[in-house]
Structure formats: C-alpha cells, structure tokens
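Comments concern the structure below.
No experiment lies behind these values; they were computed from the predicted model shown. Values below: all heavy atoms of this structure, side chains included; hydrogens, waters and symmetry mates excluded. Residue numbers begin at 1 in each chain, while the letters A, B, ... track the order of the sequences.
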2 protein chains.
Amino acid sequence: MAKSGSPSKVREGGDARSVETRRALTAAAIATLQEDGYAGASARAIAERAGSNQGLVFYHFGSVANLLLAALDAVSSQRLEHYSAAIERTGSLEELVDAATAIFQEDLDAGYVTVLAEMIAGASSTPGLGSEVATRIGPWTDFAQRAIDDALGSSPLASVLPSRDVAYGIVALYLGLEMLSHLDGDRAPALALFAHAKRIACLFSTLSGVSPRTEAT
Amino acid sequence: MAKSGSPSKVREGGDARSVETRRALTAAAIATLQEDGYAGASARAIAERAGSNQGLVFYHFGSVANLLLAALDAVSSQRLEHYSAAIERTGSLEELVDAATAIFQEDLDAGYVTVLAEMIAGASSTPGLGSEVATRIGPWTDFAQRAIDDALGSSPLASVLPSRDVAYGIVALYLGLEMLSHLDGDRAPALALFAHAKRIACLFSTLSGVSPRTEAT
DNA sequence: GTCTATACTTGGATAGAC
DNA sequence: GTCTATCCAAGTATAGAC
C-alpha cells in the first residue's frame with residue numbers, strides 16, 4: 001500500500017546502501033518541496049540536503065520529477081494511513097470536524113499538504129507531470145468521500161448533497177486553506193472556519209435529533 | 001487604481017517604446033505563468049514570448065520576481081474591476097451564486113486564477129516574495145467579504161457566520177477548485193459544487209422569505 | 001534612456017570510474 | 001550495481017553599445 005504505481009524508470013531493488021540512498025533522497029525531496037517549493041527543488045538542492053551527489057537523483061529515479069513523485073507518494077501514503085486511523089475513531093459529525101481540525105493543524109505544522117500544493121502548481125512546468133499528480137490526488141478525494149459517507153450516510157442531507165461532490169470541495173478547500181495559511185504565516189483565519197464548521201455540525205446534529213420528522217421518518 | 005504599490009526598482013516613466021516593452025513583457029509573463037507555471041517563468045522564457053531580449057526584464061523590472069508581481073497586479077486589478085461590475089448587478093443570494101459561477105468559468109477559461117495560484121506556490125522559492133503576494137490577495141478577500149455583506153447583511157446568518165471568515169474560506173475554496181480543475185482538465189466537479197450552492201441559496205432565501213419570524217422581525 | 005552582447009552561475013543528464 | 005566527474009543547456013544579471 002505504501003508504494004502505489006511508482007513512475008517508470010525508478011530503480012526498486014538493489015542492496016541496502018541503494019535503499020538508504022533512495023530513502024535519504026526522498027526525505028530530502030520532501031523537505032526541499034516544503035521549504036523551497038517546486039521551483040527550488042532542483043537535483044542539486046535536494047542532493048545537498050541529503051548529503052548525496054546530485055547524479056544519484058538521476059541514477060535512482062531517472063529524473064527530478066520522478067523523485068518528486070516518489071516524495072509525494074511517501075507523504076500521501078503516510079498521511080492517508082494517519083487520516084484513516086483518526087477518522088475511524090469518530091462517530092458523529094462533530095467528532096469528524098474535530099478530527100479534521102486536528103489533522104489540519106498537524107498538516108500545517110509538518111507541511112504535508114504543502115508538498116501536494118507545490119506538486120500541483122509545479123505540474124504546469126513539467127510535461128506529463130500533471131496526470132501523474134492527478135492520479136495521486138484520487139485517494140485523498142476517495143478518503144474524504146468515505147469519511148463523509150460514514151458521518152452522514154443515513155442523513156437526508158446525503159441525498160441532496162452527493163458526497164462525491166462535497167469530498168471534491170473539501171479537498172479543494174483544504175488545499176486552498178493550506179496555501180493561504182502558509183503564505184501569510186497565519187493559521188487563525190483557517191482555524192476560525194473550522195470552529196464555525198464545528199458549530200454548524202453541532203447545530204445540524206441537534207436539529208436532526210430534535211425534529212427527525214422533517215423528512216417524515 | 002490599476003497600479004497599486006508597484007514593487008521597488010520598477011522603471012515607471014520613459015518614452016512610448018519603453019511603455020510598450022513593459023506591456024509586452026507583462027503580458028508575456030501572464031501567459032508564461034499560465035502555461036508553464038512559476039518554475040517555467042524564467043526571464044528567457046518570458047522575453048522570448050514577448051519577442052524581447054531577456055536583459056530587458058532586468059532593465060525594466062529589476063528582477064524576474066518583480067516582473068511576475070507586476071503581472072499579478074495587472075491580472076488582479078483587471079479581474080477585481082470585472083468582479084465588481086458583475087456583483088453590482090446582483091441583488092439576491094441566488095444571483096450572487098450565479099454571478100460567481102459565471103466568473104469562475106471565465107477565470108478558468110482565461111487562466112486568471114492560475115496566475116495567482118502559481119504566484120502563491122512559487123512564493124516559497126523566492127525570498128521576500130511571500131509577503132508581496134500576500135499583500136495582493138487582500139483585495140480579493142476584501143471583495144468577497146463585501147459581496148457577502150451585500151447579499152446577506154440583514155440576514156440572521158450574518159451574525160453567526162462572520163463575513164470575514166467566510167470570505168477567507170471562499171477565496172481558499174476558489175483557489176483550490178481552480179488548481180484541481182486545472183490539474184485534471186475537468187471542471188465538471190467544481191461546477192457541480194456551484195450548482196449545489198445555487199440550490200442551497202434558493203432554499204435559504206425561500207426559508208427566510210417564508211418564515212421571517214425566526215429572528216422576530 | 002533603451003537595449004544587446006557577454007559574463008558568470010546553476011541545473012539536468014550521462015559517460016565512465018570504482 | 002553504485003556512484004562521481006564532467007558536459008552542456010538554461011538561468012540571472014550587468015557592462016557596455018547605441
């Protein structure tokens with residue numbers, strides 16, 4: 001599950017040293033995307049951070065873009081696993097919003113979504129990268145949809161607001177909030193929104209608990 | 001109103017030829033950001049598109065980053081003016097959503113928001129660019145807030161959901177939707193969301209019209 | 001004042017060393 | 001199989017031509 005569809009020309013086997021080199025380069029690629037963005041994620045910048053020779057990027061991954069995709073894969077699988085665990089412990093809509101808020105803060109602290117945002121924006125510069133990145137976003141939308149379905153699958157709201165569409169919007173909103181928060185180094189406005197969402201979620205569950213006859217149950 | 005705070009070292013006066021060169025470079029910068037992204041927006045790439053010598057970028061704008069900021073300024077002022085005109089003709093919440101939908105499609109077609117998204121993402125790579133870009137997003141959030149205030153200033157919803165926070169969320173969502181739509185070349189999911197928003201807006205205005213006594217008017 | 005030719009730096013990729 | 005030394009293209013910036 002950790003390595004989904006690894007892009008072409010990536011060396012996979014090899015001895016321990018090879019594995020360690022790839023691990024170091026992947027970690028450095030993540031850090032570089034977070035701190036210097038896509039435009040700053042050159043083979044040299046990444047290799048220097050990893051303490052490797054820049055040529056190793058091309059030997060092990062074939063191209064800078066492939067290394068960055070491997071970095072995105074690593075972040076995605078790690079995050080999705082964590083999200084799943086966090087969501088599994090939630091039952092109500094409020095708990096879901098609470099979990100989402102906590103996750104958003106974690107993501108912001110650790111810069112996980114920054115990696116995704118930089119890859120999406122950077123995809124414009126590198127031919128063929130767009131579809132690869134798009135493929136890797138699918139699981140995030142799928143995850144959001146599942147979370148929504150679990151939280152209000154039985155609610156009448158589900159029939160009027162298709163979870164697929166809402167999930168797409170949630171991913172987009174999450175992405176946008178991360179970019180804006182990251183840009184001006186102030187997460188307060190985004191957190192205020194999560195707080196409002198919490199309040200609405202409470203209101204909603206109260207309403208559907210108090211007067212379930214709105215839908216003639 | 002068109003040129004807000006032009007970044008330092010940008011040549012402003014000069015004869016007609018100078019003005020034309022700056023115009024061509026700015027237009028080319030916009031096109032390059034849209035098609036090749038921030039990482040692809042080098043002085044050479046932009047100048048080639050403009051039919052100019054790449055050295056002119058540095059003569060007229062001092063740096064590539066300054067030229068890109070000038071491009072962002074041009075797009076921002078142009079778009080905000082257009083948004084204002086479109087919003088001015090709307091009265092109800094439904095009409096506001098309709099206008100937003102039309103504008104979103106225009107923006108997607110012409111790649112206006114792409115310019116903003118690329119600049120936000122690219123800001124990570126260039127020291128000092130972040131705050132400049134952040135400054136230029138303020139007007140967009142201000143605009144969204146005004147539109148919201150105008151549409152439901154008198155509604156009880158306004159007191160429970162501060163327009164400033166909602167405006168921030170709208171800008172973030174708009175940004176995220178643009179990035180995702182642009183990435184996989186499919187605007188259908190985003191448009192589906194706008195359609196749902198329209199439906200909710202209708203529902204909302206119907207409710208507040210039918211039972212205005214919720215707030216003891 | 002405007003622009004071009006040139007200097008120098010950084011980046012992607014590979015031929016060849018180990 | 002793994003990695004380094006090296007090559008050449010692309011990038012920024014400016015000195016000097018007009």
Protein-nucleotide distance (A/L56, atom CG; C/dC18, atom P), rounded to Å: 16 Å

Whether A/E20 and A/R17 form a salt bridge (side-chain N of Lys/Arg under 4.0 Å from carboxylate O of Asp/Glu) is what I want to check. no

Nearest heavy-atom contact between B/L183 and A/V133 is CD2-CG1, 4.0 Å

Figure out the OH/P separation between B/Y59 and D/dA15, and round it to whole Å. 15 Å

Which ones in residues 13-38 of chain B lie close to DNA chain D, meaning a heavy atom under 4.0 Å from one of its atoms? none

Can you tell whether the side chains of A/E48 and A/R44 come within less than 4.0 Å, N to carboxylate O? no

Decide, yes or no, whether a salt bridge links B/D109 with B/R187 under the criterion of side-chain N to carboxylate O below 4.0 Å. yes

Measure the shortest side-chain to side-chain distance between A/L116 and A/V75 over non-hydrogen atoms and say whether it is less than 4.5 angstrom. no

Between C/dT4 atom P and B/H60 atom NE2, what is the distance in whole Å? 10 Å

Sub-3.5 Å pairs of nitrogen or oxygen atoms, protein against nucleotides 9-12 of chain D:
from, atom 1, to, atom 2, distance (Å)
D/dG11, OP1, B/S42, OG, 3.1
D/dG11, N7, B/R44, NH1, 2.5
D/dT12, OP2, B/A43, N, 2.8
D/dT12, O4, B/R44, NH1, 3.0

With a 4.5 Å limit on heavy-atom distance, are the side chains of A/F104 and A/L191 in contact? yes

Could you walk me through whether B/Y59 and B/T21 pass side chain to side chain donor-acceptor pair (under 3.5 Å), step by step? CA-CA 11 Å; B/Y59 172 67; B/T21 301; over 6 Å; no

Separation of C/dC3 atom P from B/F61 atom CZ, nearest Å, is 11 Å

Checking B/S76 against B/R136 for the side chain to side chain donor-acceptor pair (under 3.5 Å) test, could you report, in this order, the C-alpha distance in whole Å, the side-chain angles of both residues, the deciding distance, and whether it holds? CA-CA 8 Å; B/S76 283; B/R136 285 159 176 82; over 6 Å; no

Is B/T101 close to B/K198 at the side-chain level, that is, under 4.5 Å between some pair of heavy atoms? no

Let's see if you get this right: which residues in residues 118-131 of chain A place a heavy atom under 4.0 Å from DNA chain C? none

Separation of C/dA15 C1' from A/N53 CG (nearest whole Å): 14 Å

B/A147 to B/I87 - nearest heavy-atom pair and separation: CB-CG2, 4.2 Å

Could you check whether any side-chain heavy atom of B/S125 comes within less than 4.5 Å of a side-chain heavy atom of A/Y38, counting everything from C-beta outward? no

